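One structure below.
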Amino acid sequence: MMKYANFPGCSAETTGKSFTVSTKYVSERIGFELVDIPDWNCCGTSAASLTSPELAIALPARSLAIAERELPGLDVVAACAGCFRSLKTSLAFARESDENLEHVRELIDMPYNAEANVVSLLEAFVSDDVRSSIAEHVTRELRCLKVACYYGCAMVRPAEVCDFDDVEDPRSMDELMELIGAEPVDWAFKTECCGAAQQMAIPKQARPMIERIFENAAANGADCIVTSCPLCMLNLDMREAEINRARIAEGKKPFDIPCYYFTELIGLSFGAEPAEVGIDIHFHPAEMLLLRRELDALEAQEADLAAQAEERRKKAEIAARIAQKKAEKAKKAAESEKEAKR
Amino acid sequence: MRALDLSGISEADIRACKEIATEAGVDLKDCYQCGKCTAGCPLAEGMDLMPREVIRFLQLGALDVVLDAKTPWICAQCAVCSSRCPQNVDICSTMRAVRIAAKRAGKRPVPEADIFDDEFIANVRAHGVSNEQYLAAMYNLKSGHFTQDMGNATRMLKRRMVGVAIHNTKGRAEVAALIDRALGADEGGE
Ligand code: SF4
Ligand code: SF4
């Protein structure tokens, strides 16, 4: 499917701007259509579920009911992992029984049948249609870029609700990155939590979570982290500087690990300039690494070509020697035949 | 795990602990205290009770210990614990249920976490969406963390990530009514 009802989420125009911009860039080129749900409202995220279970069901259901009415037949896509989980939790509740569905209708005071499915943008992008369309548009493989694909928690947990990829070792983003030539690393923190809103509410307890994510990515040879959620992105990218200040004070080496949205990297592989996909407004400098790796890739390409030429030369050389030997052998055979006849 | 005088636990406490578990969809008897939930919890080092202990004290009916614990308020709701529990105990939902029960009992062991969520919902009630800059400002004001993320606010401004036209849901009155209805239904369901 290449057309979805879009739930933008509260960060789409603010802290998640680069996600929105890069999604648009890629979508337009591959013919992936996103129609915004008219007059959507906040999904409530964990603040709602920690306040009241009813609220956690009701807030997402209103937007889903509007989508059902205004954009019938379309599944709903949410770019943000937090929005995705909230929407899908509400949907799962409504689909559990007729009684639940009726309860949701009462809460939102709207007609609603829980018809449309909810997927994350990442899930929509790993469908066969989208994947083959992406492959057709790659003009510049992101060779030499070692990426740690970071899924975070809300994309996969709880598994019964999210119903997407492996809960401990998801592969879908890694496969997308391979598709555009980047090199995913194996690492242990793919689905570790970034701390979500707790990074703001209880920074002292929550900061080490981010530091450990960077540490594990670095230890496994990653150049950068690729994310699929604006809150993960904000927590990593914006707070890297603060973490580095603390590390320097402790005599530890600071990190130099830029973070990207998977859509930004796909855009680059289509030939976009960094600013066209929002990479120019990251907090941690994110353009230098790309330039370095572009150069590395060109050098690697040159080296490949040189190696191929060298291989061709060697083959020709050996073939020439074989031909020479064969000729010598034939000549000798002819001579000995002559000898025998005499 | 600390020593606890079980003689102070009343029938009502035991019942209340069971109710918390029911709210979370958990049968407390399922937990055999293996500790896997705690081993994977990314916030365990900042908690006063380990996730495993929260379940243990609920099993024992130690209501006050659980309601006074900081742990459910430190929890980031990442669900690693629930996902890895060999007995399918939903610890993550239990944290949520404890937190809601504590709040009802007038307790908030980590005020910052409570303020954050209240401000978040108030924000959504007013605009239909969460306006991050207002949320941050209100939170810092009420929690006393005046300078938190101030440097970052400047960095966001420079990137035009904040200060842009505020998106409001047109039907925000509708959203406010929905929030009131949901919170009302929740109280009614008690
Ligand atoms: S992982 Fe499950 S069984 Fe083990 S201690 Fe935690 S809740 Fe109990
Ligand atoms: S949901 Fe809470 S208790 Fe469970 S692992 Fe995550 S932070 Fe720890």
Side-chain angles (χ1 to χ4, degrees), chain A residues 10-17 38-42 44-59 62 66 103 106-109 152-154 156-159 167-168 191-198 200-206 208-209 212 238-239 241-242 281-283, chain B residues 23 42-43 45-47 73-80 82-83 90 92 96 99-100 110 112-113 115-118 120-121 123-124 127-133 136 139 143 145 148-149 151-152 155-156 159-162 164 167 169-172 174-175 177-179 181-183 185-186 189:
Chain A
C10 298
S11 63
E13 297 302 327
T14 55
T15 49
K17 220 160 85 176
D39 208 41
W40 58 275
N41 59 274
C42 172
T45 183
S46 56
S49 63
L50 287 165
T51 302
S52 124
E54 309 283 336
L55 192 55
I57 299 299
L59 278 171
R62 177 179 174 274
I66 294 177
H103 182 57
E106 275 164 23
L107 282 175
I108 59 176
D109 196 19
C153 32
V156 288
R157 283 192 303 265
V167 72
E168 296 286 350
T191 62
E192 196 73 12
C193 177
C194 73
Q198 297 295 58
M200 197 169 176
I202 48 161
K204 195 166 79 56
Q205 291 91 338
M209 302 167 85
R212 285 193 295 258
M238 185 176 80
R239 304 193 187 283
E242 180 197 321
I281 57 165
H282 287 197
F283 290 95
Chain B
E23 185 61 44
L43 277 159
E45 66 192 290
M47 291 173 168
W73 304 75
I74 303 279
C75 166
Q77 292 289 298
C78 77
V80 159
S82 308
S83 157
D90 191 345
C92 181
R96 215 157 48 223
R99 205 167 138 160
I100 292 171
V110 184
E112 295 94 324
I115 293 168
F116 182 87
D117 287 341
D118 282 355
F120 192 101
I121 299 302
N123 205 310
V124 178
H127 304 283
V129 293
S130 150
N131 293 130
E132 289 164 309
Q133 61 261 51
Y139 167 73
S143 66
H145 291 178
Q148 179 182 236
D149 279 336
N152 284 331
R155 295 162 84 202
M156 284 188 201
R159 288 165 175 79
R160 299 183 52 82
M161 283 179 170
V162 294
V164 284
H167 170 91
T169 303
K170 276 193 248 77
R172 58 184 181 274
E174 215 176 288
V175 175
L178 174 154
I179 291 176
R181 220 164 24 240
L183 295 180
D186 199 36

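Given the structure is predicted, the values throughout are model-derived calculations rather than measurements. Letters A, B, ... are given to chains in the order of the sequence lines, protein chains preceding strands, and every chain is numbered from 1.
With a 4.5 Å cut-off on non-hydrogen atoms, A:A58 touches chain B through its backbone and its side chain both. Of the two parts of B:V124, only the side chain, counted from C-beta on, holds a non-hydrogen atom closer than 4.5 Å to a non-hydrogen atom of chain A. Both the backbone and the side chain of B:R96 come within less than 4.5 Å of a heavy atom in chain A. In this structure, chain B has a heavy atom under 4.5 Å from the backbone of A:E106, while its side chain stays farther away. Only the side chain of A:A241 comes within contact range of chain B, judged by heavy atoms closer than 4.5 Å. Looking at A:M238, both its backbone and its side chain come within 4.5 Å of chain B, counting heavy atoms on both sides. Proximity to chain B is limited to the side chain of A:Q198, based on heavy atoms less than 4.5 angstrom apart. In this structure, chain A has a heavy atom under 4.5 Å from the backbone of B:C75, while its side chain stays farther away.
Between the NZ atom of A:K204 and the CD atom of B:E112 there is a distance of 10.0 Å, given to the nearest 0.5 Å. The distance from the CG atom of A:D39 to the CZ atom of B:R172 is 9.5 Å, given to the nearest 0.5 Å. Atom CG of residue A:N41 and atom CD1 of residue B:I179 lie 8.0 Å apart, to the nearest 0.5 angstrom.
Smallest separation of non-hydrogen atoms from A:S49 and B:I100: O-CD1, 3.7 Å. Of all the heavy atoms in B:A182 and A:L107, the pair that sits closest is CA-CD2, 3.8 Å. For B:L43 against A:A206, the heavy-atom pair with the smallest separation is CD2-CA, 4.0 Å. Summarising the geometry of A:A201 relative to B:A113, their closest heavy-atom pair is CB-CA, 4.1 Å, with the distance given to 0.1 Å. Annotation for A:G195 and B:A76: closest pair O-CB, 4.1 Å, computed over non-hydrogen atoms. The shortest non-hydrogen separation linking B:A79 to A:R157 is O-CD, 3.3 Å.
The candidate with the highest count of non-hydrogen atom pairs below 4.5 Å against chain B, out of A:V167, A:I108, A:V156, is A:I108. For the set A:E192, A:H103, A:E168, the entry with the most heavy-atom pairs within less than 4.5 Å of chain B is A:E168.
Residues B:K170 and A:P38 are not in side-chain contact: their nearest non-hydrogen atoms beyond the backbone lie 4.5 Å or more apart. No side-chain heavy atom of A:L50 sits less than 4.5 Å from a side-chain heavy atom of B:W73. Taking 4.5 Å as the limit, every side-chain heavy atom of B:F120 sits out of range of all side-chain heavy atoms of A:S46. Counting heavy atoms from C-beta outward, A:L59 and B:V175 have side chains that approach closer than 4.5 Å. Counting heavy atoms from C-beta on, the side chains of A:D109 and B:L178 never come closer than 4.5 Å.
Every residue two or more places apart in sequence or in another chain that forms a side-chain contact (heavy atoms from CB on, under 4.5 Å) with A:A12 is listed here: A:P8, A:T20. For B:A177, the side-chain contact (heavy atoms from CB on, under 4.5 Å) partners are B:R181, not counting sequence neighbours.
Under the 3.5 Å distance criterion, the side-chain polar atoms of A:R62 are left unmatched by any main-chain donor or acceptor of B:E174.
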